[in-house]
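The block underneath contains the structure these notes are about, expressed in structure tokens.
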Amino acid sequence: MSIVSLLLAAAACGPAESEDERVDVEQALDAFDVSQNEAALVVGAIARVDPKSKNPELAAAKAAATAGLVFRPVDCVTATRKDNTVKYLLSGCVGPFKTAKLDGTLDVVYSVSGNGLHALASVRDLHASRAILDIDSEGFYSLDPDGETRRLVVEASGEGQGPRGHRIERAGSYTVTWNATEKCVTFEGDWETIVSTRSFHTTVSGLSRCAGECPAAGGEIVHEKEELGVRIRVTFDGSAQASWSSSRGRSGKIQLFCGAGA
């Protein structure tokens, strides 16, 4: 076989899975970025609604009437309600936790069950800063016993493109909590991250961020594929760079899209 034939055969096979751990790190962060942008949209849809509401049509009416208080400036959003559904048209909006540059249509169906108010959010090709979302995800909204902490549990389904250009599909759930006074949010999640034919298990724990800032020190993302013995750990220190390490011995830094670099 000629050298040219060998090179062509190698190219056809493509790179070995997890040969470059930095790509795995990027995909883990893109999956998280898609999820936190999705979370901001769902929070925006329920932020001004009473989590104890027992009437989905009244919840939808309140959400539509107060959309301009959540998505800013006030004229960036048009909210139209029909029964228990609200259609939000977003154009250059800043959303909850200073999630910026929201452009597209968000459809939300409100319902009520024993565990609180539900919001089923659907978007297609919605741009959220550097990410693009195509989702059908349901959030369960409740108030913690302290009377201050809001809690949103999201069953995530759908796809998105993260700010690093990776097309991500997720299946799993995450929880965000926030205090309306402090403007800070915590994030815990567990899902399968699928990129093309590759699948990893992704866990986010102890991650917190205040509006417009980078993730605080202490949180981490673990991205692993057990059958390959690959485990990527990403940690945060409050700066615009995260540190990562691999079970294969490699480590490094990666830039985040947060703070002034958002």
- Task: Give a yes or no answer on whether the side chain of Asp134 reaches the backbone of Asp125 with a donor-acceptor pair at less than 3.5 Å.
- Result: yes
- Message: Hydrophobic clusters here meaning ILVMFWY residues chained together by side-chain heavy-atom distances under 4.5 Å, can you tell me if Val77 and Leu69 are in one?
- Response: no
- Message: For a quick test of reading the model, state the closest non-hydrogen atom pair linking Gly165 to Asp30 and the distance between them.
- Response: N-OD2, 3.5 Å
- Co-membership, hydrophobic cluster, residues Ile254 and Phe200, 4.5 Å side-chain: yes
- Query: Shortest non-hydrogen contact from Glu188 to Ser205?
  - Reply: OE1-CA, 3.2 Å
- Message: Can you tell me how far apart CG (Asp107) and CG (Leu89) are? Round to the nearest 0.5 Å.
- Response: 8.5 Å
- Following the transitive rule for hydrophobic clusters with a side-chain heavy-atom cut-off under 4.5 Å over Ile, Leu, Val, Met, Phe, Trp and Tyr, establish whether Val74 and Val43 coincide in one cluster. no
- Please test Val112 against Asn55 for side chain to side chain contact (heavy atoms under 4.5 Å, CB included), starting from the C-alpha separation and ending with a verdict. CA-CA 7 Å; Val112 174; Asn55 187 319; over 6 Å; no
- OG-CD distance between Ser239 and Gln255, expressed to the nearest 0.5 angstrom: 8.0 Å
- Query: Taking the side chain as C-beta and beyond, is there a heavy-atom pair between Glu159 and Arg167 under 4.5 Å?
  - Reply: yes
- Query: Is a side-chain N or O of Arg150 found less than 3.5 angstrom from the main chain of Glu148, in a donor-acceptor match?
  - Reply: yes
- Task: Start with the C-alpha distance between Glu21 and Ile232, add both sets of side-chain angles, then the distance that settles side chain to side chain contact (heavy atoms under 4.5 Å, CB included), and finish with yes or no.
- Result: CA-CA 8 Å; Glu21 282 94 338; Ile232 306 290; 3.7 Å; yes
- Query: Does the side chain of Glu224 reach to within under 4.5 Å of the side chain of Val222, using non-hydrogen atoms?
  - Reply: yes
- Is the closest side-chain heavy-atom distance between Ser113 and His118 below 4.5 Å? yes
- Message: So Phe71 and Leu90, do their side chains get closer than 4.5 Å, heavy atoms only?
- Response: yes
- Note on the structure: Of all heavy-atom pairs linking Ala119 and Ile46, the shortest is CB-CG2, 3.8 Å
- Taking a hydrophobic cluster as the set of Ile, Leu, Val, Met, Phe, Trp and Tyr residues connected by side-chain heavy atoms closer than 4.5 Å, whether directly or through intermediates, do Val123 and Val94 fall within one such cluster? no
- Query: Is the shortest distance from a Lys or Arg side-chain nitrogen in Arg124 or Asp136 to a carboxylate oxygen in the other one below 4.0 Å?
  - Reply: yes
- Query: Going by heavy atoms in the side chains, are Leu41 and Asn37 under 4.5 Å from each other?
  - Reply: no
- Message: By the definition salt bridge (charged side-chain N to carboxylate O under 4.0 Å, His left out), identify the one residue from Arg170, Arg164, Arg209 that meets it with Asp33.
- Response: Arg164
- How long is the gap from CG on Asp146 to CG on Asn179, to the nearest 0.5 Å? 7.5 Å
- Task: Would you name the heavy atoms of Leu106 and Ala121 that are closest together and state the gap between them?
- Result: CD1-CB, 4.0 Å
- Task: May I ask you to test the Leu126-Thr105 pair for a side-chain heavy-atom distance under 4.5 Å?
- Result: no
- Message: Which heavy atom of Ala216 sits nearest to which heavy atom of Phe236, and what is that distance?
- Response: O-CB, 3.8 Å
- Query: Does Arg48 offer a backbone N or O that forms a donor-acceptor pair with the side chain of Lys62 under 3.5 Å?
  - Reply: yes
- To the nearest 0.5 Å, what is the distance between OG (Ser247) and CD (Glu226)? 11.0 Å
- Are Val230 and Arg248 close enough that some pair of their side-chain heavy atoms sits under 4.5 Å apart? yes
- Task: Mark yes or no for whether Ser137, through its side chain, and Ser157, through its backbone, hold a donor-acceptor pair below 3.5 Å.
- Result: yes
- Message: Consider side chain to side chain donor-acceptor pair (under 3.5 Å). Of His223, Arg198, Arg22, which one does Gln27 pass it with?
- Response: Arg198
- Query: Yes or no on side chain to side chain contact (heavy atoms under 4.5 Å, CB included) for Lys87 and Lys82, after CA distance, side-chain angles and deciding distance?
  - Reply: CA-CA 8 Å; Lys87 180 183 290 290; Lys82 182 178 181 182; over 6 Å; no
- Taking atom OG1 of Thr177 and atom CZ of Arg151, what is their separation to the nearest 0.5 Å? 5.5 Å
- Item | Residues Gln161, His166; criterion side chain to side chain donor-acceptor pair (under 3.5 Å); working and verdict | CA-CA 5 Å; Gln161 180 175 302; His166 299 285; over 6 Å; no
- Task: With rounding to the nearest 0.5 Å, note down the distance linking SG in Cys210 to NZ in Lys183.
- Result: 11.5 Å
- In Trp191, Tyr174, Tyr141, the residue satisfying side-chain contact (heavy atoms from CB on, under 4.5 Å) with Val154 is Tyr174
- Message: If I compare all heavy atoms of Ala240 with all of Cys258, which pair ends up nearest, and what's the gap?
- Response: CA-SG, 4.0 Å
- Message: Would a single hydrophobic cluster contain both Phe140 and Val108, if residues Ile, Leu, Val, Met, Phe, Trp and Tyr are joined by side-chain heavy-atom contacts under 4.5 Å?
- Response: no
- Task: Please say which of Trp178, Phe97, Phe32 ends up in a ring-ring contact (aromatic ring centres under 6.0 Å, His included) with Phe187.
- Result: Phe32
- Hey, does Arg233 have a side-chain heavy atom less than 4.5 Å from the side chain of Ile221? no
